[in-house]
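Throughout, residue positions are numbered sequentially from 1 according to the sequence presented. Whatever order the structure lists ligands and atoms in, that order sets their numbers, starting from 1. Hydrogens, waters and symmetry mates are skipped; everything else that's a heavy atom, side chains included, is used. Keep in mind the model is a prediction, meaning the values are calculated, not measured.
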Amino acid sequence: MKFGTKAIHAGVHPDEATGAIMTPIYQTSTYVQEEIGVNKGYAYSRTQNPTRHALEKNLAALENGVHGACFGSGMAAIDCVLKMLNPGDEVISTSDLYGGTFRLFKTIFEKYGIKFHFVGMTDPAAVSKLVNENTQLIWVETPTNPTMSIIDIVAMSKVAKQANAMLCVDNTFATPYLQNPLDLGADLVMHSVTKYLGGHSDVVMGALITSDDKIAEEMYRIQNSSGAVTAPMDSFLVLRGIKTLHLRVQRHCENGEKVARFLVDHPKVDKVYWPGLESHPNHEVAKSQMRGFGGMISFTMVGDKLSDAHAVVRNTKLFALAESLGGVESLIGHPVTMTHAAIPKEEREKTGVVDSMIRLSVGVEDVEDIIEDLRQALDKK
Ligand SMILES: *Cc1c(COP(=O)(O)O)cnc(C)c1O
């Protein structure tokens, strides 16, 4: 089955009791047993719920995986992966990691005896150098935020295999429509479903997908034991959102390209970070592992003044100033005072996150309106 067909049909069936074509919201905590030990496959909704189950099967199919698990947030999904490790184990990850993931690693799991290394992962040799006999997990995020660096998943899977470590890829920015890490050698895929998969800025959710039966057993044991599961209503909303994932992401990519090229030509814009541009330092890797380049774009301004960036984000009318990304509506953000505020200036400037950087989540509105909004905001400042 091809992607769009799977997005609409995988994991879901008309309701057997009524014929309802949409998966019902099974808003129940428990299930009546016919007798002791005899049930219809569901015993308690922390362990499994039919609405969540349909979504987990759908997500597994979209990532060309076998087993899916949904969590109360993207962070809860990452938390589950880290709980597969033991004290003394070591993790290698990228230096421009999502801030919440960095915080979870450093302030929660470090105190349980897990050691973390952060390195620029666009250089596989630098990652290999950090491998030792304790290396158990390589954590990749690609594209990264906000500079849209692309990490070579096949190269990372070779490093992970040599180290006998698990490779997990945070595929939130790319979505399964543009990139399938399991096909490129990853053992696990993680999503903040909150973003493109949900797609309508109305749900916070996370997911893990794997084809490895042993990893899946651990994943479900931890999901049930820690209990950070997602609710039936949210599962329903995401199942509905996913039915248009391929259509939305196609439009995000088209709009993303037009906005990126508009910004490249604008005299007040300095650098543009979008992996589809031939000038992007990792464009070749992006082309080899992604089917399109998405709607996430960052740019900096000539002169690099904080006040210029603030003026632009204040002057947009269609773009809403907000954290998050991946919804149908266009969002604008200023990493230095929002998502990356906790990182010291010197550190963030090493990775290109300068004062005038602006990040866009280009939505699926008509692109003429999106560009007109940016044009008037840039001209006004
Ligand atoms: C948002 C995000 C997360 C965290 O997901 P939540 O659903 O907010 O908990 C993790 N990784 C990336 C890349 C994200 O954008």
Close N or O approach (M75, ligand 1; < 3.5 Å): yes
Nearest non-hydrogen protein atom, atom 15 (O) of ligand 1: K195 NZ, 2.7 Å
Smallest separation among heavy atoms of V159 and P124, with atom names: CG2-O, 4.3 Å
Heavy-atom neighbours of R291 CZ exceed 12 at 6.0 Å: yes
Protein contact to atom 13 (C) of ligand 1 [nearest heavy atom, distance to 0.1 Å]: D170 OD2, 3.4 Å
Nearest-contact summary for atom 6 (P) of ligand 1 - protein heavy atom, Å: G74 N, 3.4 Å
Pi-cation contact, Y26 with K40 (under 6.0 Å, within 45°): no
Atoms in ligand 1 with a heavy atom of E141 nearer than 4.0 Å: 13 (C)
Atoms of ligand 1, numbered as shown, that sit under 4.0 Å from any heavy atom of M205: 7 (O)
Parallel, tilted or perpendicular: rings of Y177 and H246 (30°, 60°): tilted
N or O contact, T194 vs ligand 1, cut-off under 3.5 Å: yes
Atom 3 (C) of ligand 1 - nearest protein heavy atom and its distance: Y98 CE2, 3.4 Å
Parallel, tilted or perpendicular: ring planes of F293 versus H283, cut at 30 and 60 degrees: tilted
Residue E217 excluded, over 12 heavy atoms near CD under 6.0 Å: no
Salt bridge flag under 4.0 Å for residues R261 and E278: yes
Protein heavy-atom partner closest to atom 5 (O) of ligand 1 - residue, atom, separation in Å: S192 OG, 3.0 Å
